[in-house]
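For reference, the structure discussed in these notes is given below.
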Amino acid sequence: MNTVRNALLLLLLATALSLHAQQQHAFHVLAFYSETVEQDHIDFAHQAIDFFNAAAKRDHYDFATTKDWNDMNPGKLAQYQLVVWLDDFPHTPAQRTAFEQYMEHGGGWLGFHIAAYNDAGTRWPWFLSFLGGGVFYGNNWPPLPATLIVDDKDHPVTRGLGNTLQSPANEWYIWKPSPRLNPDIKVLMSLAPSNYPIGFKDIITGGDLPVVWTNTRYRMLYMNMGHGDRVLSSEAQNKMIENAMLWVAKTHNPKPSPGE
């Protein structure tokens, strides 16, 4: 009798632990990256994967990765509450359409650096609107550290940073027109004017340069950081990146979830 009772207790305990573990995975993330892009972008992607794997254990979410951009399809995306683009972006019409539908039905997105690149040859008007209307206009070279202004000190992503952040070396992108001009865009951080001129070979001499922003019509956040192996060397910036993942995942869906 004791043996049976002990076996039942162990079964109940195992079931409770399993349910607890499932509950601990509050959300599921799929990060897309490529190994055939610029080496500095690959370096960032590899470090970011390690970073988010560690953060997922701390923050109790499931973090998966894929190098197959054909995983950007309705069936696959329906399994995840948030997708991350680390060093690339969709290139085929099918991939793009799947992402549009995912976001239009309440999906979440966190994009880094090259993820937002677009120019006259991109021919993806939906994505341009999604980003706030800014087309890539230029960048500094080589990658340099910069002082960033915290435009919104009360936002969950930037809370605790203070007025400015000293950001490690990165290649900074500037957009025309500035996404800030779009009423749907909320800029959280931008390049401080004190950095200008920034660059030696390619120089940005001035202008409004948002670095972190969200389109309030979607569950999304874009971060210009993502070039090279120094991006994740700042404890303060790393905390902001960790906050960004949690905020996008847990913020209220402005639209129905996929399948609803």
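Along the sequence shown, the residues carry numbers beginning at 1.
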Original post:
M225 versus L148: any side-chain heavy-atom pair under 4.5 Å?
Top reply: yes
**OP:** Would you check if P168 and V231 make a side-chain contact, meaning some heavy-atom pair closer than 4.5 Å?
**Re:** no
**OP:** Take S190 and R180, measure what side chain to side chain contact (heavy atoms under 4.5 Å, CB included) needs, and give me the verdict at the end.
**Re:** CA-CA 10 Å; S190 52; R180 195 190 307 270; 3.4 Å; yes
Original post:
Taking only residues two or more places apart in sequence or in another chain, which ones pass ring pair (Phe, Tyr, Trp, His ring centres under 6.0 Å) with Y33?
Top reply: none
Original post:
Among all residues two or more places apart in sequence or in another chain, which pass the side chain to side chain donor-acceptor pair (under 3.5 Å) test with W126?
Top reply: E104
**OP:** Could you tell me whether the side chain of F200 reaches within less than 4.5 Å of the side chain of W141, counting heavy atoms only?
**Re:** no
Original post:
Taking the six-membered ring for Trp, are the ring centroids of W69 and F32 within less than 6.0 Å of each other?
Top reply: yes
**OP:** Begin with the C-alpha distance, continue with both residues' side-chain angles, and end with the deciding distance and a verdict on side chain to side chain contact (heavy atoms under 4.5 Å, CB included) for N139 and I174.
**Re:** CA-CA 6 Å; N139 59 270; I174 192 166; over 6 Å; no
**OP:** Assess whether atom CZ of R96 is packed by more than 12 heavy atoms of other residues, nucleotides or ligands within 6.0 Å.
**Re:** yes
Subject >> Contact check, side chains of I198 and I204, non-hydrogen atoms, under 4.5 Å >> reply: yes
Original post:
S167 versus S234: any side-chain heavy-atom pair under 4.5 Å?
Top reply: no
**OP:** Determine the minimum heavy-atom distance between A64 and Y80, stating which atoms define it.
**Re:** CB-OH, 4.1 Å
Subject >> Single-linkage hydrophobic cluster, 4.5 Å side-chain cutoff, V211 and L232 together >> reply: yes
**OP:** Could you please spell out the steps behind the side chain to side chain contact (heavy atoms under 4.5 Å, CB included) verdict for V135 and L128?
**Re:** CA-CA 7 Å; V135 176; L128 180 60; 3.8 Å; yes
Original post:
Under 30°, 30 to 60°, or over 60°: which ring-plane class applies to F63 and F52, parallel, tilted or perpendicular?
Top reply: tilted
Subject >> Ring geometry between H155 and W247 (parallel below 30°, tilted from 30 to 60°, perpendicular above 60°) >> reply: perpendicular
Subject >> Full working for side chain to side chain contact (heavy atoms under 4.5 Å, CB included) between I114 and F112 >> reply: CA-CA 6 Å; I114 193 68; F112 291 92; over 6 Å; no
Subject >> E242 and N238 side chains, donor-acceptor separation under 3.5 Å >> reply: no
Original post:
Yes or no on ring pair (Phe, Tyr, Trp, His ring centres under 6.0 Å) for W172 and H227, after CA distance, side-chain angles and deciding distance?
Top reply: CA-CA 9 Å; W172 305 101; H227 188 105; over 10 Å; no
Original post:
Considering all heavy atoms of both residues, which atom of A244 and which atom of M223 are nearest to each other, and what is their separation?
Top reply: CB-CE, 3.4 Å
Original post:
Do we see a donor-acceptor contact under 3.5 Å between the side chains of H113 and Y173?
Top reply: yes
Subject >> Pair D151 + K186, salt bridge at N-O below 4.0 Å >> reply: no
Original post:
Hey, any chance M245 and F51 share a hydrophobic cluster, counting ILVMFWY side chains that come within less than 4.5 Å of each other, even indirectly?
Top reply: yes
Original post:
Would you say the ring centroid of F130 lies under 6.0 angstrom from that of W109?
Top reply: yes
Original post:
Side-chain heavy atoms under 4.5 angstrom apart, residues restricted to Ile, Leu, Val, Met, Phe, Trp, Tyr: same cluster for L246 and M189?
Top reply: yes
Sequence neighbours excluded and cut-off under 3.5 Å, please list the side-chain donor-acceptor pairs for residues 83-90, or say none.
| unit_1 | atom_1 | unit_2 | atom_2 | d |
| --- | --- | --- | --- | --- |
| D87 | OD1 | S34 | N | 2.7 |
| D88 | OD1 | H91 | NE2 | 2.9 |
| D88 | OD2 | S34 | OG | 2.7 |

Original post:
Could you go step by step and tell me if W175 and Y137 meet the ring pair (Phe, Tyr, Trp, His ring centres under 6.0 Å) rule?
Top reply: CA-CA 5 Å; W175 318 84; Y137 185 73; over 10 Å; no
**OP:** Establish, from distance only, whether the side-chain atoms of N70 and Q95 form a donor-acceptor pair under 3.5 Å.
**Re:** yes
Subject >> Side chain to side chain, I185 and T214, heavy atoms closer than 4.5 Å >> reply: no
**OP:** Answer yes or no: does atom CD of Q39 have more than 12 heavy-atom neighbours from other residues, nucleotides or ligands under 6.0 Å?
**Re:** yes
